[in-house]
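Here is the structure we will look at, set down as structure tokens.
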Amino acid sequence: YYITNNLSSNLYHHGPEQSNLPTRLSYNTKSNKTHLTKTPGGKLVVHYATKKTQISKCGDCKLSLRGIPAVRPVKLASLSRRVKTVNRAYGGSKCGKCV
């Protein structure tokens with residue numbers, strides 16, 4: 001989670017745990033899930049939730065691959081090659097039983 005809006009001038013209290021902060025996107029999509037968090041200073045700020053990650057699975061038996069981190073695809077692209085594979089033939093796509 002990360003804080004995107006901390007504008008006290010745009011904060012209007014409509015009751016407990018409600019704010020009228022400007023958001024990045026106005027549609028209720030999967031990538032736009034938010035929740036309100038109260039800071040130690042007493043302000044209500046909007047936190048955007050990141051999507052849950054999926055564990056990489058074997059192409060044949062669909063078991064989870066051990067040694068491969070469960071991160072989002074953008075983060076996976078920035079990781080080095082030694083982190084994304086294991087030292088075996090078909091190391092990042094098939095498990096040891098299927099090879």
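Just so it is clear, the values below take in all heavy atoms, side chains as well, and ignore hydrogens, waters and symmetry mates.
- In this structure, His47 NE2 and His35 NE2 are separated by 6.0 Å, a value rounded to the nearest 0.5 Å.
- Rounding to the nearest 0.5 angstrom, the gap separating the CZ atom in Arg72 from the CD atom in Gln54 is 7.5 Å.
- Criterion: ILVMFWY side-chain heavy atoms under 4.5 Å apart, direct or through other members. Under it, Val83 and Val71 are part of a common hydrophobic cluster.
- The main-chain N or O of Tyr27 is found under 3.5 Å from a side-chain atom of Asn32 such that the two form a donor-acceptor pair.
- Checking side-chain atoms of Arg82 against main-chain N and O of Asn87 turns up no donor-acceptor pair under 3.5 Å.
- Between Val45 and Leu36, every side-chain heavy-atom pair lies at or beyond the 4.5 Å cut-off.
- Between the side chain of Lys62 and the backbone N or O of Gly59, at least one donor-acceptor pair lies under 3.5 Å.
- With a 4.5 Å cut-off on side-chain heavy atoms, Thr53 and Lys51 do not count as touching.
- Atom-to-atom distance recorded for Lys84:NZ and Ser78:OG is 8.0 Å, nearest 0.5 angstrom.
- Of the inter-residue distances, the one linking Lys94 atom NZ with Lys97 atom NZ reads 15.5 Å to the nearest 0.5 angstrom.
- Environment of NZ in Lys75: sparse, with no more than 12 heavy atoms of neighbouring residues, nucleotides or ligands closer than 6.0 Å.
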Might you work through the side-chain contact (heavy atoms from CB on, under 4.5 Å) test for Cys61 and Cys95, ending with a clear yes or no? CA-CA 8 Å; Cys61 63; Cys95 66; 3.5 Å; yes

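- Heavy-atom neighbours of Ile55 CD1 from other residues, nucleotides or ligands within 6.0 Å: at or below the threshold of 12.
- With rounding to the nearest 0.5 angstrom, the CG atom of Leu65 is 11.0 Å from the OG1 atom of Thr85.
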